[in-house]
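Taking it in order: structure first as structure tokens, then the write-up.
Note: hydrogens, waters and symmetry copies are ignored here, and every other heavy atom, side chains too, is used. Quick caveat: nothing in here was measured; it's all calculated off a predicted structure.
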Amino acid sequence: MTKLIFTNGYFYTLDPSQPFVESVVVEKGRIIDLGTHQEMILQWGRTGSKLVDLYGKMVTPGLIDSHLHLSGVAFNFLDLDLTGIKSKGEMLDKIHAKAKTVAPGKWLVGMGWDENLFSEGTIPTIEELNYVAPHCPVYLKRICHHAFLVNSKALEMSQYHPSNSVPTGGTVVLDPMTKRPTGLLLESASQLITKYIPERTYQELKVGLQQAMQLAVKQGLTSVHTNDPAYLGGLDATYKMYDELLNQEGQGLRCNLLIDFPYLPRLIEKGMFAGFGNEKLQIGAIKIFADGAFGRRTALLSEPYHDQPGQYGDAMYDQETLYHMVQEIRAHAMPLAVHTIGDKALENILDVLDQFPKVEYRDRIIHTSLVRHDLVQRLADSSQIADIQPRFVVSDYPWVKERIGEKREPDLYAWKTLLDSGVLCAGGSDAPIEPLNPLLGIHAAVTRRSPGDTHGGWNAKEKLSIAEALKLFTVGGAFATNEEHLKGTISRGKLADMTVYSNNLFTIENPDQLLKTDIEMTIIGGEIKFNK
């Protein structure tokens with residue numbers, strides 16, 4: 001196989017033993033040498049190697065998104081995308097336009113709405129949804145996937161009745177005057193509806209997933225850690241789909257699959273485990289939820305919500321149930337990936353994990369949005385890693401300050417504190433809840449404000465440097481799946497996964513130039529999978 005010499009670049013290796021090089025030599029998908037342009041040409045240029053001139057562009061290790069839902073990104077290609085809608089009126093207009101294309105009785109499914117962006121600040125009522133889509137059932141996920149809107153046709157099609165039992169942890173929101181559904185469902189109450197929505201065909205889902213993968217590569221990602229079985233037809237269909245796209249059809253993107261707890265028995269039955277697979281596709285941790293989200297005050301706090309005294313949020317499970325779930329996971333020596341937004345949810349899961357021995361793979365504490373000081377050191381354990389999403393600071397401020405209050409704000413999205421305290425951290429997007437583009441995540445980590453804002457950043461002492469932010473999406477992502485020996489830095493023997501940028505991120509004068517930076521090239525296993 002021909003050797004490739006990627007040369008004439010500014011390679012920031014993130015490897016302390018050789019932080020900067022001009023040239024990288026690749027063979028059979030691995031980095032075999034690196035150094036100055038002159039050294040590499042002299043050493044390897046006469047062996048029939050092929051030169052790839054990078055024209056002075058900046059290169060880093062391939063970007064890794066440590067937590068997203070590629071299936072959700074796929075559905076944005078397949079369903080109504082309400083991401084970024086700025087008013088209730090605009091949202092209703094989009095629903096009405098989509099409804100015109102939907103046959104009577106067929107489901108209109110969408111996602112991405114966020115009332116915090118609305119000029120009115122209020123969500124559509126069930127009557128308004130009925131007016132814009134009278135002939136078809138409507139089911140719309142909020143951007144956080146913890147709240148949902150439905151119309152009357154959806155309730156009718158789902159055989160809803162006030163006497164129906166609501167799944168544990170869920171709420172059908174009722175009008176206080178009429179005691180009738182407002183159209184808003186919280187958390188697991190969505191299951192009352194989703195079981196009646198016809199599943200998309202395998203081929204439809206696969207086409208959407210392929211588009212999502214292509215978008216990820218175009219945006220500079222070489223690896224992602226994704227949570228999908230609940231949306232792609234279960235464990236078997238999900239693994240089959242990824243296997244076909246990655247191992248048989250060569251999409252290129254490397255994927256680590258988080259598996260939801262209900263699929264654990266089937267995982268064991270199939271003889272799968274953490275690390276099962278190859279360098280393109282692997283089984284990861286078992287995913288569970290400890291709480292909800294700030295938006296609807298379902299994140300579990302140790303003190304009441306500042307803007308709703310007496311409300312602490314919701315634990316998805318009581319401690320006994322949580323213990324038995326972890327016990328079952330540990331019985332198969334599997335790691336956990338636990339959704340924790342609130343500080344009490346984090347405390348609860350750490351209390352349970354402390355009762356079990358560690359396993360080979362790191363446990364993943366996903367989001368870790370509100371972390372009390374006394375919990376920080378409990379996270380500083382090499383057997384655990386915090387999967388953080390820097391873009392949350394863009395979506396959640398300023399309204400989140402009202403939720404938690406000024407006293408607790410220093411503990412909110414305290415990434416610098418976590419890193420300085422020795423907590424392993426990995427960076428992700430949680431796409432489609434936040435944009436897939438990792439440069440937007442890096443911008444949020446560095447500025448702690450929305451693009452276009454000019455203030456000094458929310459809770460500015462927690463800002464990260466460019467280097468720290470990049471490490472979240474490279475080194476950190478590798479540690480999250482115990483693959484630090486394979487990826488995360490540009491080093492001899494590691495996978496030849498690299499991302500090439502239009503700007504040098506370390507020499508830009510203003511971090512807002514991140515927003516004007518393009519991905520020039522995405523290299524996976526030495527193959528150029530995207531070239532602008």
Side-chain angles (χ1 to χ4, degrees), residues 67 69 113-116 123 141-148 167-171 173 184-190 227 287-319 321-322 325 336-353 364-376 378-379 386-415 417-418 425 428-430 433-434 444 458-459 462:
H67 182 70
H69 307 267
W113 60 271
D114 180 1
E115 77 282 8
N116 292 304
I123 60 177
K141 295 179 189 176
R142 191 182 185 277
I143 193 164
C144 64
H145 289 211
H146 292 271
F148 315 84
T168 302
T171 304
V173 178
L184 179 64
L185 310 178
L186 302 180
E187 304 294 352
S188 56
S190 62
N227 178 212
K287 172 76 179 293
I288 64 176
F289 282 81
D291 67 345
F294 287 132
R296 289 288 160 186
R297 301 179 187 83
T298 54
L300 186 64
L301 309 184
S302 56
E303 297 181 24
Y305 279 86
H306 179 72
D307 61 351
Q308 193 168 326
Q311 172 64 27
Y312 287 81
D314 300 319
M316 285 294 182
Y317 309 99
D318 61 42
Q319 285 299 92
T321 302
L322 196 59
M325 292 171 73
L336 283 77
V338 190
H339 167 114
T340 62
I341 297 282
D343 59 333
K344 184 59 177 175
L346 174 60
E347 182 180 5
N348 286 349
I349 191 62
L350 291 178
D351 286 348
V352 172
L353 285 173
R364 308 175 62 155
I365 314 300
I366 298 173
H367 306 317
T368 53
S369 299
L370 186 67
V371 184
R372 297 195 317 267
H373 180 73
D374 62 295
L375 298 176
V376 172
R378 294 182 66 183
L379 280 173
D387 285 349
I388 65 176
Q389 290 69 45
R391 275 285 299 193
F392 280 10
V393 78
V394 172
S395 297
D396 292 0
Y397 272 97
W399 60 262
V400 72
K401 294 177 65 175
E402 301 172 8
R403 295 284 190 276
I404 65 167
E406 185 177 343
K407 184 182 77 170
R408 285 180 289 186
E409 189 187 358
D411 298 334
L412 186 64
Y413 305 127
W415 312 315
T417 295
L418 292 177
C425 295
S429 63
D430 208 8
I433 292 172
E434 298 293 339
W458 302 107
N459 199 6
E462 297 294 343

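Among all heavy-atom pairs drawn from Glu434 and Ser429, the shortest one is CB-O, 3.0 Å. Contact between His146 and Phe289 at its shortest, heavy atoms only, is CE1-CE2, 4.0 Å. Considering all non-hydrogen atoms of both residues, Ala345 and Ala290 come closest at CB-CB, 4.0 Å. Between Lys407 and Pro410, the shortest heavy-atom distance links the atoms O-CD, 3.4 Å. Minimum interatomic distance between Thr368 and Ala386 (heavy atoms only, all atoms of both residues): OG1-CB, 3.8 Å. Residues Leu185 and Ser190 come closest through the heavy atom pair CD1-CA, 4.2 Å.
By the salt bridge (charged side-chain N to carboxylate O under 4.0 Å, His left out) test, Glu115 pairs with Arg142, Arg296, sequence neighbours left out. When the ring pair (Phe, Tyr, Trp, His ring centres under 6.0 Å) test is applied to Tyr317, no partner is found at least two apart in sequence or on another chain.
Listed for the Asn459 side chain is a donor-acceptor partner under 3.5 Å among the backbone atoms of Glu409. Within the 3.5 Å criterion, the main-chain N or O of Asp430 finds no donor-acceptor partner in the side chain of His67. Between the side chain of Arg403 and the backbone N or O of Asp396, no donor-acceptor pair lies under 3.5 Å. Side-chain atoms of Trp113 never come within 3.5 Å of backbone atoms of Ile143 as a donor-acceptor pair (strictly under, hydrogens ignored). Checked by atom type and distance alone, the side chain of Gln389 pairs as donor or acceptor with a backbone atom of Asp387 at under 3.5 Å.
Atom CG of Asn348 and atom CG of Leu353 lie 11.0 Å apart (nearest 0.5 Å). To the nearest 0.5 Å, atoms CG (Leu322) and CG (Leu336) are separated by 8.5 Å. From Arg408, atom CZ reaches atom CG of Leu370 across 6.5 Å, with rounding to the nearest 0.5 Å. Atom CD1 of residue Ile365 and atom CG of residue Leu418 lie 11.5 Å apart, to the nearest 0.5 angstrom.
For His339 and His145, the gap between ring centers reaches or exceeds 6.0 Å.
The side-chain contact (heavy atoms from CB on, under 4.5 Å) with Val371 is formed by just one residue from the set Asp343, Leu346, Leu412; it is Leu346. Applying the salt bridge (Lys or Arg N to Asp or Glu O under 4.0 Å) test between Arg297 and each of Asp307, Asp314, Asp291 identifies Asp307 as the sole match.
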- Task: Mind running side chain to side chain contact (heavy atoms under 4.5 Å, CB included) on Trp415 and Val393 for me, showing each step along the way?
- Result: CA-CA 11 Å; Trp415 312 315; Val393 78; 3.9 Å; yes
- Take Tyr397 and Tyr413 through the test side chain to side chain contact (heavy atoms under 4.5 Å, CB included) and record every step on the way to the result. CA-CA 11 Å; Tyr397 272 97; Tyr413 305 127; 4.2 Å; yes
- Asp351/Lys344 under salt bridge (Lys or Arg N to Asp or Glu O under 4.0 Å): CA gap, chis, key distance, verdict: CA-CA 10 Å; Asp351 286 348; Lys344 184 59 177 175; 5.5 Å; no
- Item | Worked check of side-chain hydrogen bond (donor to acceptor under 3.5 Å, both in side chains) between Glu347 and Ser302 | CA-CA 9 Å; Glu347 182 180 5; Ser302 56; 5.7 Å; no
- Intermediate values then yes/no, side chain to side chain contact (heavy atoms under 4.5 Å, CB included), Ile341 and Thr298: CA-CA 9 Å; Ile341 297 282; Thr298 54; over 6 Å; no
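When only modelled atom types and interatomic distance are considered, Glu462 and Thr417 share a side-chain donor-acceptor pair under 3.5 Å.
A 4.5 Å side-chain heavy-atom check between Thr171 and Glu187 finds every atom pair outside the cut-off.
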